[in-house]
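Okay, structure first, notes after.
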Amino acid sequence: MSDQQYASQIEDFMAYAVSRNPHEEEFLSAVREVAETLIPFIEENPKYKGKKLLERMIEPERVIMFRVPWVDDKGEIQVNRGYRVQFNSAIGPYKGGLRFHSTVNLSVLKFLGFEQTFKNALTTLPMGGGKGGSDFSVRGKSDAEIMRFCQSFMQELFRHIGSDVDVPAGDIGVGGRELGYLFGMYKKLKNEFTGVLTGKGLSWGGSLIRPEATGYGVVYFAEAALNRMGKSIRGLRIAVSGFGNVSWGVVKKVNDLGGKVVTLSGPDGYIYDPEGVSGEKVDFMLRLRASNRDEIKPYAERFGVEYFSGKKPWEQKVDLAIPCAIQNEMNADDAQQLVDNNVIGVVEAANMPLTNEAVEIIQQARKLYVPGKAANAGGVAVSGLEMTQNAMRISWTAAEVDEKLRWIMNNIHDNTVKFGLLPGGYVDYKKGANIAGFIKVADAMLAQGIV
Ligand code: GLU
């Protein structure tokens with residue numbers, strides 16, 4: 001088939017997806033990104049052709065939406081909306097984080113659950129895809145309010161999850177504190193202590209290295225991709241966005257490997273620290289996160305570095321960009337600016353931080369581009385290792401978990417190169433990740449029949 005025929009097939013498929021999911025912009029953009037690489041692949045492989053695999057895959061197996069009422073510190077009743085999207089269980093129990101953020105809606109969670117299905121398949125571990133959360137924001141809330149919210153959320157969620165059914169974890173706005181409150185309520189309602197959540201505290205079933213895992217994994221992947229190009233993290237100046245859990249792990253591992261993170265950001269703007277974020281500045285990130293203020297400005301005040309209000313870090317001249325904050329945080333103009341500044345590439349640590357147009361600009365310029373579903377899979381991979389440790393009722397050492405994480409990331413790298421290598425040597429990691437993830441899920445779906 002010609003490129004033109006594929007293009008019209010892709011547009012037909014997208015028209016179908018739009019008609020079934022109108023107004024779900026984030027979800028549709030994730031579907032388009034996958035359809036563009038998979039439709040030609042499916043056409044060329046008779047095993048997958050004519051099986052309506054994509055139509056089946058973009059339909060979540062189940063969507064649960066529920067009321068989350070809670071009482072704030074003033075005694076007023078608040079009402080939020082809770083969700084769990086159980087997207088695909090072909091290769092294992094649904095698995096994916098919970099996001100508590102004001103931008104959460106069904107479209108965002110469907111996009112995240114869809115991406116998670118491919119990501120989890122890439123880890124080589126037996127985990128299906130799911131995602132959940134609420135439009136509740138921890139910003140400005142007291143600890144007691146966060147606890148009451150989490151308890152109310154779990155009072156409904158508990159009946160839909162289980163260690164062999166669906167295993168949620170953290171995501172934006174859901175860290176160790178929130179997972180603790182969620183787990184406490186689950187345990188009380190079910191009267192059982194099982195590995196139903198991951199990202200748990202160390203004394204109650206958590207895994208060493210889980211807090212660092214997403215960021216460490218991103219940097220292991222980046223190092224593997226750079227090594228392939230005859231480069232390495234050592235000596236690189238890196239722009240990072242966000243200042244939460246993922247950025248923190250990235251900063252720590254970049255420092256270990258001899259690179260320098262020169263920016264961090266929040267919803268308020270970004271800081272530029274030419275000396276690099278290291279030493280006590282890394283610990284300060286944790287304090288900023290625990291303050292529930294969601295601002296990066298205090299970093300600039302504390303360490304006397306430049307602060308750019310309302311701006312994004314992509315305007316700085318750096319060697320590598322690692323967006324760690326949220327979807328669509330880098331648009332076409334930002335990507336063009338990075339290309340003009342001769343960046344080596346962009347490695348996604350957040351889930352889909354680049355718009356589809358931004359990805360195209362980076363790839364057209366033949367710069368390194370690694371999609372989040374491959375680069376940030378280390379978080380959920382160590383969640384998978386936490387599930388294994390819980391099931392075996394043992395704990396591995398930090399070195400053992402880190403070793404397995406590094407092996408998994410290198411394996412994902414090699415697998416994505418296998419399917420993404422283009423004539424001429426450029427690696428289309430997006431194509432590689434989509435095809436490698438698809439094959440695993442599609443084979444399982446085909447084997448299990450029309451269910
Ligand atoms: N929220 C993380 C992700 O986007 C981790 C999910 C998990 O550990 O289940 O992959």
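Position 1 is the first residue of the sequence; numbering continues from there. Computed from a prediction, not measured in an experiment: that's the story for all the values here. Values below: every heavy atom of this structure, side chains too, minus hydrogens, waters and symmetry copies.
With sequence neighbours left out, Glu25 forms a side chain to side chain contact (heavy atoms under 4.5 Å, CB included) with no residue at all. Take Asn390 and apply the side chain to side chain contact (heavy atoms under 4.5 Å, CB included) test, not counting sequence neighbours, and it matches Lys200, Glu386. Contacts of Trp407 classified as ring pair (Phe, Tyr, Trp, His ring centres under 6.0 Å), with partners at least two apart in sequence or in another chain: none. Considering only residues two or more places apart in sequence or on other chains, Leu208 meets the side chain to side chain contact (heavy atoms under 4.5 Å, CB included) condition with Leu202, Ala398.
Classification of Glu59 and Arg56 as a salt-bridged pair fails, no side-chain N sitting under 4.0 Å from a carboxylate O. Salt bridge annotation for Lys141-Asp72: absent, with no cationic side-chain nitrogen under 4.0 angstrom from a carboxylate oxygen. For the pair Glu145 and Lys74, the salt-bridge criterion is not met [side-chain N within less than 4.0 Å of a carboxylate O]. Using a 4.0 Å cut-off between a side-chain N of Lys or Arg and a carboxylate O of Asp or Glu, Arg84 and Asp166 qualify as a salt bridge.
When only modelled atom types and interatomic distance are considered, Asn105 and Tyr83 share no side-chain donor-acceptor pair under 3.5 Å. Under the 3.5 Å distance criterion, with hydrogens and angles disregarded, a donor-acceptor pair is assigned to the side chains of Glu400 and Thr397. Side chain to side chain, Ser395 and Gln389 fail the donor-acceptor criterion of an N or O pair below 3.5 Å. Checked by atom type, the side-chain pair Tyr220/His413 shows no donor-acceptor distance below 3.5 Å. Gln316 and Thr263 are not linked by any side-chain donor-acceptor pair at a separation below 3.5 angstrom, with hydrogens and angles left out of the test. Side chains of Thr124 and Lys440: no donor on one and acceptor on the other come within 3.5 Å.
Counting non-hydrogen atoms of neighbouring residues, nucleotides and ligands closer than 6.0 angstrom, the NZ atom of Lys51 exceeds 12 such neighbours. Counting heavy atoms of neighbouring residues, nucleotides and ligands inside a 6.0 Å radius, atom CG of Asp414 exceeds 12 of them. For Arg81, the CZ atom is loosely surrounded, since the number of other residues' heavy atoms within 6.0 Å does not exceed 12.
Here the side chains of Glu223 and Val347 are not in contact, with every heavy-atom distance at 4.5 Å or above.
Using cut-offs of 30° and 60° for the angle between ring planes, the Phe149 and Phe100 rings count as perpendicular. Aromatic ring orientation, Tyr186 versus Phe183: parallel (interplanar angle below 30°, classes split at 30° and 60°).
In this structure, the side chain of Lys311 does not engage the main chain of Tyr307 through any donor-acceptor pair within 3.5 Å. Of the possible polar contacts, none joining the Glu295 side chain to the Gly266 backbone as a donor-acceptor pair under 3.5 Å is found.
Proximity of the aromatic rings of Phe153 and Tyr181 is defined here by a centroid distance below 6.0 angstrom, and this criterion is not met. Aromatic ring centres of Tyr272 and Tyr299 lie farther apart than the 6.0 Å criterion allows.
Among residues at least two apart or in separate chains, there is no ring-ring contact (aromatic ring centres under 6.0 Å, His included) pair with a member in residues 369-393. Applying the side-chain hydrogen bond (donor to acceptor under 3.5 Å, both in side chains) definition to pairs two or more places apart or across chains, those involving residues 108-119 are Asn21-Lys110, Glu24-Lys110, Glu115-Lys373, Gln116-Asn120, Gln116-Lys131, Lys119-Asn351, Lys119-Asn376.
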Next item on the list: Dump the intermediate steps for salt bridge (charged side-chain N to carboxylate O under 4.0 Å, His left out) on Arg148 and Asp143, then the final yes or no.
Entry: CA-CA 9 Å; Arg148 288 195 292 274; Asp143 202 69; over 6 Å; no
